[in-house]
Amino acid sequence: MIQEKYNPHEIEAKWQQYWEDNKTFKTEMDSRRPKSYVLEMFPYPSGNLHMGHVRNYSIGDVVARFRTMNGYNVLHPMGWDSFGMPAENAAIKHGIPPKKWTMENIANMTRQQKRLGLSYDWDREVTTCKPDYYKWTQWFFELFYKRGLAVKKKSAVNWCNTCNTVLANEQVIDGKCWRCDHEVVKKDLEQWFFKITDYADELLKDLDLLEGWPERVKTMQRNWIGRSEGLEFSFDFPEIGERIPVYTTRPDTIYGVTYVVLAAEHPLVEKLCVNNPKAEEIKAFCERVRNQSDIERTSSESEKEGLFTGCYCIHPLTGRKVQIWITNYVLYDYGTGAVMGVPTHDARDWMFADKYGLDKIVVINPKDKELKLEDMTDAYEEKEGVLVNSGEFSGMELHEGMEAIKDKIEAMGIGQRRVNYRLRDWLISRQRYWGAPIPVIYCPDCGEVLVPEDQLPVMLPEDVKFDAGAVSPLATSESFVNCTCPKCGKPAKRETDTMDTFLCSSWYYLRYTDPKNADAPFGKAKVNYWSPVDQYIGGIEHAILHLLYSRFFMKVLHDAGLVDYKEPFTNLLTQGMVIKDGAKMSKSLGNVVSPEEIIGKYGADTARLFIMFAAPPERELEWSDQGVEGSFRFLGRVWRIVYHYQDVLAQKVTQYDPAELDEAGKNLRRVLHTSIKKVTDDIEQRFNFNTAISAMMELVNALYAYKEAAKEPHAGLIYETVANLLKLLSPFVPHITEELWHGVISEEGSIHEEKWPKADADAMKVDRIEIALQVNGKLRGRLVVPADAGKDELEKLALAEPHIAETVDTDKIVKVVCVPGRLVNIVVKP
RNA sequence: GCCGAAGUGGCGGAAUUGGCAGACGCACUUGACUCAAAAUCAAGCGGGUUUACGCUCGUGCCGGUUCGAGUCCGGCCUUCGGCACCA
């Protein structure tokens, strides 16, 4: 029996408790069923869920429940990316310990997630700030260290003055800190790096294997890795007995070189200043350039500045003297930090040469055209044409010339072909407290020593000062810093930096497979049973950051023999933002809608249904209060029609012969089975949840139409329709369907353990269909024909149709196009 | 500049392989129920034109292919996103 009115709050609390008590969503390894690992990006415990979270988890929950009902053994876990700065800021601002703040937020957000009725196996919960997790994050650091992939080196790094810490390249967005949006400056510091560049080529190549990833994300990663092929070679610098190595992707333009440029940081600058009358001027220039921020220095609009050093090097092929300049537009950390200048075939060099009156030589002519310097207003950069003024290479086609020049340089022994990447090594140390300590000890005698495995985890101390300034708060804890060297036993000091939280999140999806393992990050059998993640769902903002780091981690773990897979996420769905009034929800705009408020008013099922219905998952979702009302109304409609048929359903007519149905019944049964097919295909093949829901709405409309049309409802048909409708709806709105299922179908078990319905092809068949009737491609009427009518029959029927017979002159018919099941098009001469 | 995605009613969005444009929902209009309102149930709902059957225009713009184009091709425009002195 069910109540007359739909009361979401009562039934949602009831079934959430039921699922928890019955461990409905607990998962174990099971070799008899195919596995499916469905994962949503785990959240940072900021305090409250926002609509973006709700969208993310609703999508994942539908997929997980759908796959379970389709016979998969589904892993669907949840956890907390719980290290990070906001916890520390709360400590500085309000004096709350980061751990307390974080754990309270996790408790609150867990409660909010449970109110959404998500099908997580909570026994697998993972929390990155707990010692039993960060122990293994530290263990992975040591693994990387032992494999030569974690190194400490000094370089110019990104520093955020607001966050008081260094940042990885990926965390600098348009020259600003990804977290606080303040301008990032460069500092020369010794820091820990993970050598992600060792994997640049593999990370790039394997993108081609990721057929289940959006093109957009793959393109972003390709751009970020930025592979280029070229030639590295040297100019002789006889004045000081050195060579200047340069890197170019355009060796074909080598005869057009009129100057060579060094980055301001280039070590040769200091050497060429010795006994140089311009030394003071050069040093002042370099100093000024180095103090420019990244934004000033790398903006393409900013003025290119340079200074002639007074020195010359020798062109390796022509023997000409070539001026050596220093500029602000050459990057020290890309290629060799020095570049050849070819004004005629590079836009930057053209501008630079114009500004400083440097020579220009045309060495490439476009096909069938001769470039004349006096006519040129711009560099000719096309990679097409013929080499000229290029000695023995003149007359060669561009690509042929390029290869010939590379061969020549290599044969001369002054250079070689080279591949360069834009990708930089991942800076992983942070001068912050709330992170996993780097497990390294510095001994005056032994140097850098790893903390032995059996002493992990290196626990975060609690006796620290949080506002320590530019050093890590860990440095303020005497008891933490001072230790003994594991090798020689003498007094030593601990590393006081912690690890980038992106490191914690680079392997969490593996820990879910074996979350309580105390002897290893995960067991091999378990990780290889569940991995890789079959469907990953999250925001596009991680297109590079988290998704690139995780891919890197997986490759290293694969090479270390810990996992059998090279890619962590087989399929990726990037959900769009939730917006309101055309803008992202934000406190400052005052357009935030809180999930708790919506759940409080309508219940979780309505919130989930609206979010899934309002837009396809990859697109932006415009929040609409009226749209939410509409979703609530639909659930009310479902409730009322089931309530209406309650007594009919109570007869439990589970079997019947469809042949005994009348017209109205056949019609309803046809809609039911086409809906089953449509909903199944929409979820399975396209993630078009919005159209899946619209199909279910049509089914409910058809049920209402049947109620009007059939005076004596067919008990078997009603039972079949309602039972299947509830199953189709259950992944989207798990509570109301569970309530109705128990009320009218079965009091035992859960609807969520039922099998997904199968469409009956016979039920979808119709005798007669309506097709379009066109003349010259324009709609001129409709024609009801037997569903299996062939081309000849269609043509006959079409020509016999009164409207056509009257208006179309048979002599002028050129041909008749018949598409069975679709249309007839009569082509007529004018 | 390079790369990627998108552009359809008043709005969110459908149209899956080139085959009836606008499914489904929101908003709006009307009818039933009601003393009345809400809720609910039922019906209508791109523009122009017509008493009506119809006719006609219509998927960012201009062309093309085709019996037939929202969908394919060529050329633009606009919006969003990524990369960008990367040599």
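Letters go in sequence order (proteins before strands), and every chain restarts at 1.
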> How far does the P atom of C85(B) sit from the matching atom of A5(B), given to the nearest Å?
Replying inline: 24 Å
> Going by a 90° cut-off around 0, is G13(B) syn or anti?
Replying inline: anti
Within the sub-3.5 Å range, which N or O atoms of nucleotides 54-56 of chain B have a protein N or O partner, and how far apart are they?
| residue | atom | partner | partner atom | Å |
| --- | --- | --- | --- | --- |
| U56(B) | OP2 | R780(A) | NH2 | 3.2 |

>> Of the listed nucleotides (G4(B), A14(B), A42(B)), which one gets closest to any side-chain atom of Y704(A)?
In response: A42(B)
>> Taking the C1' atom in each of U8(B) and A15(B), what is the distance between them to the nearest angstrom?
In response: 10 Å
> Between R619(A) and A14(B), does any side-chain N or O lie under 4.0 Å from OP1 or OP2?
Replying inline: yes
>> Quick one, R222(A) with E215(A), criterion salt bridge (Lys or Arg N to Asp or Glu O under 4.0 Å). Give me CA distance, side-chain angles, the key distance, then yes/no.
In response: CA-CA 10 Å; R222(A) 281 190 194 104; E215(A) 208 46 55; 3.6 Å; yes
> When we call it a touch if two heavy atoms are under 4.0 Å apart, what does R348(A) touch: a base, just sugar-phosphate, or nothing?
Replying inline: base
> For V339(A), which contact category applies under a 4.0 Å heavy-atom criterion: base, sugar-phosphate, or nothing?
Replying inline: base
>> What is the separation between atom CG on N328(A) and atom C1' on A87(B), rounded to the nearest whole Å?
In response: 14 Å
> Which listed nucleotide (C86(B), C3(B), C67(B)) is nearest to the side chain of R422(A)?
Replying inline: C86(B)
> Taking only residues at least two apart or on different chains, which pairs with a member in residues 771-798 of chain A satisfy ring-ring contact (aromatic ring centres under 6.0 Å, His included)?
Replying inline: none
> Using a 3.5 Å cut-off on both pairing distances, which stems of three or more Watson-Crick or G-U pairs include RNA chain B?
Replying inline: B:1-7 with B:77-83, B:10-12 with B:24-26, B:28-32 with B:40-44, B:46-49 with B:54-57, B:60-64 with B:72-76
>> Assess the residue pair E403(A) and R417(A) against the criterion (salt bridge (Lys or Arg N to Asp or Glu O under 4.0 Å)); give the C-alpha distance rounded to whole Å, side-chain angles, the decisive distance to 0.1 Å, and a yes or no.
In response: CA-CA 10 Å; E403(A) 295 312 310; R417(A) 287 173 166 85; 2.8 Å; yes
> Once you round it to whole Å, what is the distance between C1' of C83(B) and CG of N420(A)?
Replying inline: 17 Å
>> What is the separation between atom CD1 on I225(A) and atom C1' on C3(B), rounded to the nearest whole Å?
In response: 15 Å
>> Using the P atom as the point on both nucleotides, what is the distance between A84(B) and C77(B), in whole Å?
In response: 25 Å
> Taking atom P of C83(B) as reference, at what distance in whole Å does atom CD of E215(A) sit?
Replying inline: 17 Å
> Hey, mind stepping through S228(A) and N420(A) against side chain to side chain donor-acceptor pair (under 3.5 Å) and telling me if it holds?
Replying inline: CA-CA 5 Å; S228(A) 78; N420(A) 260 317; 5.4 Å; no
>> So which atom in V766(A) and which in A787(A) form the shortest heavy-atom distance, rounded to 0.1 Å?
In response: O-CB, 3.1 Å
> Can you find a donor-acceptor N/O pair under 3.5 angstrom joining the side chain of R424(A) to the base of C86(B)?
Replying inline: yes
>> I want to check one thing: is the phosphate of A87(B), taken as OP1 and OP2, less than 4.0 Å away from some side-chain N or O of S228(A)?
In response: yes
> Does the side-chain contact (heavy atoms from CB on, under 4.5 Å) test come out yes or no for E698(A) and K678(A), once each step is laid out?
Replying inline: CA-CA 11 Å; E698(A) 284 180 84; K678(A) 168 104 177 122; over 6 Å; no
>> If I pick the C1' atom on G25(B) and the same atom on C45(B), what distance separates them, to the nearest angstrom?
In response: 14 Å
> side-chain contact (heavy atoms from CB on, under 4.5 Å) between R551(A) and L207(A): does it pass, once the steps are laid out?
Replying inline: CA-CA 10 Å; R551(A) 294 183 61 225; L207(A) 283 172; 3.3 Å; yes
> Is it true that the NZ or CZ of K360(A) lies under 6.0 Å from the centre of W350(A)'s six-membered ring and within 45 degrees of the ring axis?
Replying inline: yes
> Taking the six-membered ring of Y329(A), is the NZ or CZ of R348(A) close enough (under 6.0 Å from the centre) and on axis enough (within 45°)?
Replying inline: no
> Between G46(B) and U29(B), how far is it from one C1' atom to the other, in whole Å?
Replying inline: 16 Å
> Contact class for E618(A) vs. all strands (heavy atom < 4.0 Å): base, sugar-phosphate, or nothing?
Replying inline: nothing
> Would you call the rings of W426(A) and Y549(A) parallel, tilted or perpendicular if under 30° counts as parallel and over 60° as perpendicular?
Replying inline: parallel
> In whole Å, what separates the P atom of C76(B) from that of A23(B)?
Replying inline: 36 Å
> What is the distance, rounded to the nearest whole Å, between atom CZ of R222(A) and atom P of A84(B)?
Replying inline: 17 Å
> Can you name the side-chain contact (heavy atoms from CB on, under 4.5 Å) partners of K205(A), sequence neighbours left out?
Replying inline: D201(A)
>> Could you go through K355(A) and E305(A), starting from their C-alpha distance and side-chain angles, then the distance that decides it, and tell me whether this counts as side-chain contact (heavy atoms from CB on, under 4.5 Å)?
In response: CA-CA 9 Å; K355(A) 181 169 175 181; E305(A) 286 181 76; 4.2 Å; yes
> Name the one of R424(A), K186(A), R422(A) that satisfies salt bridge (Lys or Arg N to Asp or Glu O under 4.0 Å) with D333(A)?
Replying inline: R424(A)
>> By the 4.0 Å heavy-atom rule, please label P214(A) as base, sugar-phosphate, or nothing.
In response: nothing
Check nucleotides 16-19 of chain B against the protein and report each pair of N or O atoms closer than 3.5 Å, with its distance, or say if there are none.
| residue | atom | partner | partner atom | Å |
| --- | --- | --- | --- | --- |
| U16(B) | O2 | R686(A) | NH1 | 2.3 |
| U16(B) | O2 | R686(A) | NH2 | 3.1 |
| U16(B) | N3 | R686(A) | NH2 | 2.7 |
| U16(B) | O4 | K678(A) | NZ | 2.6 |

>> Rounding to an integer number of angstrom, what distance separates C28(B) and A21(B) when you compare their P atoms?
In response: 30 Å
> Does the ring centre of Y645(A) sit less than 6.0 Å away from the ring centre of Y643(A)?
Replying inline: no
>> From CH2 of W224(A) over to C1' of C86(B), roughly how many Å is that when rounded to an integer?
In response: 12 Å
> Going through the checks in order, is the salt bridge (Lys or Arg N to Asp or Glu O under 4.0 Å) test met by E793(A) and K796(A)?
Replying inline: CA-CA 5 Å; E793(A) 195 180 349; K796(A) 248 180 249 165; over 6 Å; no
Could you pull out the protein-nucleic contacts involving nucleotides 23-29 of chain B (nitrogen or oxygen on both sides, under 3.5 Å)?
| residue | atom | partner | partner atom | Å |
| --- | --- | --- | --- | --- |
| A23(B) | O2' | E698(A) | OE1 | 3.4 |
| A23(B) | O2' | E698(A) | OE2 | 3.4 |
| G25(B) | OP1 | N701(A) | ND2 | 3.3 |
| C26(B) | OP1 | R633(A) | NE | 3.3 |
| C26(B) | OP1 | R633(A) | NH2 | 2.7 |
| A27(B) | OP2 | R633(A) | NH2 | 3.2 |

>> Taking the nucleotide of RNA chain B with the nearest heavy atom to each, does V827(A) or E622(A) sit closer to the 5' end?
In response: E622(A)
>> I want to know whether Y259(A) and Y356(A) have ring centres closer than 6.0 Å.
In response: no
>> If I take atom OH in residue Y259(A) and atom P in nucleotide A87(B), what distance separates them, rounded to the nearest angstrom?
In response: 15 Å
> To the nearest Å, how far apart are R782(A) CZ and C53(B) C1'?
Replying inline: 15 Å
>> Please give the distance between the P atoms of C3(B) and G75(B) as a whole number of Å.
In response: 13 Å
